[in-house]
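As the structure lists them, so they are numbered: ligands from 1, and atoms in each ligand from 1.
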Amino acid sequence: MKEPSPTIPPDDQVVYRGRLAPSPTGLLHIGHARTFWIAAQRAIENHGTLILRNEDLDPQRSRAGFARAMIDDLHWLGIHWTEGPDCGGAFGPYSQSERRAHYLEAWRRLREGGFLYPCHCSRKDLAQLASAPNDTDDEPVYPGTCRERKDAAGFTQPAGVNWRFRVPDGEPIEFADLNLGQQRYVGGSDFGDFLIWRRDDVPAYQLAVVVDDAAMRISEVVRGADLLKSTARQLLLMRALGVAAPDYFHCDLVRDAAGVRLAKRHDTLSIRHLRESGVTPQKVLEMVRGS
Ligand code: GLU
């Protein structure tokens, strides 16, 4: 793999804008290193801008210490960005926790456009839904219990109830992934009405990511293949909000020796652990290239 080197943008307009969007809910691992290295390479090759966005939406799971660790580990790996937080102190306007007003505005627009409904199902009701076989990464398809409710207009704020996006049943959602080729999902069977805003007043990932990718004028999203189906959901949301979709490049996932996808719980494969056990950044990137 060639090392990233400073490049001079061509005279014509620089239009590539990519992003690194880690969630500070654990330590970064080899899988992140791989995705973020590819994202950085693509930004360099396209003479583009790379943004670091701290996806700290969930106050229960996000920790400032993990956000500092991810910035530090990315620097250590030699992965550089040109917009976003660069130090261990304040994370600034590129943190989702500071962008609530933007998500709220999108919630209002979607609700007024009839795209959302309040869902009163309890956690217990939802736990009883069976997950699709072999699809443990994904939420079960919501059966539509609250879909016909007519009380959306009565809410001036989202808090207190879950809000779901009405997915058009049977609609095919297709996109050409720049790495994995043509993708096709069907609304209502591959995924159901998904969460937009949580009862505990936290905007859902799908909403925040769409609002931010549009506001930050992201032209290409590079992320793990575990989010392919989320891309289909996000394309529906972007259409409802009237914003243009970026291009997508989903990276193959790194798996451990048993074929299990790496998650943050594999602490021994965290960048931090490798670093502390004397592995060099070059070695980590070699491991990443070999996978
Ligand atoms: N923050 C998400 C994660 O760490 C990724 C979001 C995205 O790339 O769209 O899994």
Do [X] and [Y] share a hydrophobic cluster, counting only Ile, Leu, Val, Met, Phe, Trp and Tyr and linking them when any side-chain heavy atoms are less than 4.5 Å apart?
X	Y	answer
Leu104	Val202	no
Tyr248	Ile38	no
Met287	Leu74	yes

Problem set entry | Min N/O separation Pro22 to ligand 1 under 3.5 Å |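 No, there is no polar N/O contact under 3.5 Å.
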Exercise. Can a salt bridge be assigned to the pair Asp201 and Arg100 using a cut-off of 4.0 Å between side-chain N and carboxylate O?
Worked result: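 Salt bridge present between Asp201 and Arg100.
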Exercise. Any Lys/Arg nitrogen of Arg147 or Asp169 sitting under 4.0 Å from an Asp/Glu carboxylate oxygen of the other?
Worked result: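 Answer for the salt bridge query: yes.
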Exercise. Looking at ligand 1, does His32 have a heavy atom less than 4.0 Å from it?
Worked result: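 Contact check His32 vs ligand 1: negative.
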With a cut-off of 4.0 Å, which atoms of ligand 1 are near a heavy atom of [X]?
X	answer
Tyr205	6 (C), 7 (C), 9 (O)
Val209	9 (O)
Glu55	1 (N), 2 (C), 5 (C), 6 (C)
Arg19	7 (C), 8 (O), 9 (O)
Ser23	1 (N), 2 (C), 3 (C), 4 (O)
Arg223	7 (C), 8 (O), 9 (O)

For this session: Please say whether more than 12 non-hydrogen atoms of neighbouring residues, nucleotides or ligands are located less than 6.0 Å from CZ in Arg217.
Result: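 No - once you tally the heavy atoms of other residues, nucleotides and ligands closer than 6.0 Å, there are 12 at most.
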